[in-house]
Number of protein chains: 2
Amino acid sequence: MTKPRAVYLQSGGPTAVLNASAQGAIETARRLGLSLYAAYDGLAGLLDGRLCDTDAVSDTAIAQLAFMPGGSFGVSRRMIGTYEEAPEDWLRLRDVLAKHDIRYLLINGGNGSLGCAERLVDFEKHTGYKLGVIGIPKTIDNDLVGTDNSPGYGSSAKFLASAMREVGLDMTSMGWGRVFIMETMGRHTGWLAAACAASSRSPQEAPHLLLLPEVPFDQERFLAALDGCLAKYGQCAIAVAEGITGADGRFVAEAKKSETYGHEQLGGAGHWLAQLILRERGISAHVAQVDYLQRAGGHLASATDVRQAYVMGEKAVEWLLAGKTGLMAGIRRLNDHPYCWDVDEVPLSAVGDKEKRLPPEYIGADGFSVTQAFLDYVKPLMEGERIPPFKDGLPDYRPIAWPRV
Amino acid sequence: MTKPRAVYLQSGGPTAVLNASAQGAIETARRLGLSLYAAYDGLAGLLDGRLCDTDAVSDTAIAQLAFMPGGSFGVSRRMIGTYEEAPEDWLRLRDVLAKHDIRYLLINGGNGSLGCAERLVDFEKHTGYKLGVIGIPKTIDNDLVGTDNSPGYGSSAKFLASAMREVGLDMTSMGWGRVFIMETMGRHTGWLAAACAASSRSPQEAPHLLLLPEVPFDQERFLAALDGCLAKYGQCAIAVAEGITGADGRFVAEAKKSETYGHEQLGGAGHWLAQLILRERGISAHVAQVDYLQRAGGHLASATDVRQAYVMGEKAVEWLLAGKTGLMAGIRRLNDHPYCWDVDEVPLSAVGDKEKRLPPEYIGADGFSVTQAFLDYVKPLMEGERIPPFKDGLPDYRPIAWPRV
């Protein structure tokens, strides 16, 4: 029997559980008799014909993917436009696929990458080459539509909320007047900053204020809220998304652009806020800029998130072999307590290049908090620990050298 | 039988294992029949007579201290000078101690706090009140002399090295040309930044460059090293201590002082470096400023560190009751592999207000790395995991409400 062949690729920024989706796809391909290649470096590698053969790697090595942050095959932000926009990309892709007799494409990525997947559903129409395309969701930002949550988000949420709880204990030790700012990722959405709220079991506990991109920053209201926290709790722990904007819709930290020689450098909202607090209240705030730590924290991955990432990869392969195309595997929530979910067939056309922001019903009336409905939403996604093996005191990740085809 | 009474206090910045020393002291006091009070908020609370009774808290609650970051009793940076400098503090202290018939003092802190302990050894000479004084070491900075390492350091080292390994996988996924900067604590010493090197199992693996306060920053040499990493590895992960200085001995990030309205705000070395790299090489580096996360990471504490912190508290109580005074419990290394250690009686006079920097034999010849001797030193200190209980997906720390005396 000649096995049919698929190619899998990872696209966009890595997460703590992106490789768990790869594991789900690979193990399912083995079970069902599908030959599975993968592209190095996402769409960039696929267009260059740089492929590896996952079949040549041992089951033992594949099992380790459950424990490994990053994107094991390499990722890129290379995208593919419509056929009309970039016919040369489509023809290059056809040549690569035909050369290796690849009939199925699995794109594991966020909204931009899934937009590419959506466009490629019409591959046969434009190139005469039959290709099944399934998307696997992935993003720490949790901004994908069509799925209740995105694999990657739960682990980042768990990392940030755990850090906030731990720093809260540290701050409380130090007594009156401390201000701590934790800057999270989230250019356009506040899902990550909001997740920090899960840390708090009472109003006294950190975080005390959330600054979300969905709520334009208002200096006077913020300072009043800060004063209120200091008066009530003697401290203020703030989670701020990197992408908060002023009333004009511009990133607050963008004023720094001139200092950075014209490069837009996000990730400055925390320090921008610290400067404001120092200027207006004379308090030196501590700033943690969590940066890549929040998306690479494999040692603190959510077991729920790992499981969901795996199942998304598994279903994608099952669907390809069942002849389905143009779908993304989505997560459908069945119940909050106990948390139950299943997998939904979501048309890629409903997902690609769209963005899901925090809905108003998840944001507290004061604009600096979240509602119980959000906490009910987010808490199950952090549930369960999946501790990697440790060696010499550190997580024992063993990168896989994928054999080039 | 009337139990003799001691008072315990936590002083300076918290660590992930400061409370494990408290646990060691409390459990040992119970075993040996010592009544143990503790001061709220370190020396500040002691001088105010704000005390709690640890005896009134259940064994079950005390056992949780092994898992809890921060300083459970509260800390402060309040110090006590010599009798000649501050006789009123000494007399206030005598009144507090006499009121509660406290005959022993346990100070759990870093070099400044242990300097106070050293001065108070002469308490009877100046005040006529007999007082036994023992110091318990604590600092993530690892800058205490008289002990092979300081409780608190191993856990911070483990947190930082784990984060560096995880971010290294994330960076490697993203392909050529990435620069990542992780700013660690360490105002005057590079122990924490250097610990990141334990993450790397081969020259390709992060971190690629260490910037230590012990090596004055030289822009040309740094840029040459950066260029070398990009050429050799296609990426550069840098661990930089907050307190790196230029050839003039000033903190590199201090130039910002004017922008911060005269307040000296450390913690800017990472961003300062990113600006330099952007200006000189046109590369936008990512910056993680780990801040309090690195000292509060109870979920990733080193089991070795927890154990050592506990034993330091235990020995301190044993020594007090044996009539010893003027000592700090120190860690003496007996062997690297397997790591063996015992407890040393260190005169407080050899410890207080001194500072241990990275010795030259631990710093690589290029000034951007560490030697094998340092790796042999640091790795055992990170060894072993001590995972706290989790609830609802987060570490289940239960702060103790200590009953006021």
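In what follows, chains carry the letters A, B, and so on, assigned in the order in which the sequence lines appear, proteins first and then strands, with residues in each chain numbered from 1.
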**Study point:** Residue, of B:Gly154, B:Ala288, B:Gly70, that accumulates the most heavy atom pairs under 4.5 Å with chain A
**Key:**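 Answer, by heavy-atom pair count under 4.5 Å with chain A: B:Ala288.
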**Study point:** Top contributor to chain A interface from B:Pro14, B:Gly298, B:Gly13 [non-hydrogen pairs under 4.5 Å]
**Key:**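 Most pairs with chain A among the choices: B:Pro14.
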Atom pair [atom1]/[atom2] of [X] and [Y] - distance to nearest 0.5 Å:
X        : Y        : atom1 : atom2 : result
B:Phe390 : A:Ile387 : CZ    : CD1   : 5.5 Å
B:Leu169 : A:Leu18  : CG    : CG    : 12.0 Å
A:Leu293 : B:Leu293 : CG    : CG    : 7.5 Å

Review point. Parallel, tilted or perpendicular: which fits the ring planes of A:His271 and B:His271, with parallel below 30° and perpendicular above 60°?
Key: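 Aromatic pair A:His271/B:His271 classed perpendicular.
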Point to revise | Plane angle bin for B:His299 and A:His299 - parallel if under 30°, tilted between 30 and 60°, otherwise perpendicular | key: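 Aromatic pair A:His299/B:His299 classed parallel.
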Heavy-atom distance under 4.5 Å to chain B: side chain of [X], backbone, both or neither?
X        : answer
A:Leu381 : neither
A:Ser162 : both
A:Met68  : side chain
A:Asn19  : neither
A:Phe73  : neither

Chain B interface, residue from [options] that has the most non-hydrogen pairs under 4.5 Å:
options                      : value
A:Ala44, A:Gly74, A:Gly42    : A:Gly74
A:Arg295, A:Met182, A:Lys379 : A:Arg295
A:Glu385, A:Lys391, A:Met382 : A:Glu385

Exercise for review: Check each atom of B:Tyr339 against the heavy atoms of chain A and say whether the ones under 4.5 Å are side chain, backbone, both or neither.
Suggested key: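 For B:Tyr339, there is no contact with chain A at all, as no heavy atom is under 4.5 Å.
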**Study point:** B:Ser173 side chain to A:Gly71 backbone, donor-acceptor under 3.5 Å
**Key:**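 Yes: the side chain of B:Ser173 pairs with the backbone of A:Gly71.
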Check your understanding: Does B:Lys158 reach the main-chain N or O of A:Leu394 with its side chain, forming a donor-acceptor pair under 3.5 Å?
Key ->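 No; judged by distance alone, with no hydrogens or angles, the pair does not exist.
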Practice item. Can you establish whether the number of heavy atoms outside B:Arg78 located under 6.0 Å from its atom CZ is more than 12? Key: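 Enclosed.
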Review point. Salt bridge between A:Asp392 and B:Arg201, side-chain N to carboxylate O under 4.0 Å?
Key: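 So A:Asp392 does not pair with B:Arg201 through a salt bridge.
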Point to revise | B:Glu166 versus A:Tyr397, side-chain donor and acceptor atoms under 3.5 Å | key: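 Yes, side-chain donor-acceptor contact under 3.5 Å.
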**Study point:** Nearest heavy-atom neighbours spanning B:Met174 and A:Val75
**Key:**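 Closest pair (atom of B:Met174, atom of A:Val75, distance): CG-CG2, 3.9 Å.
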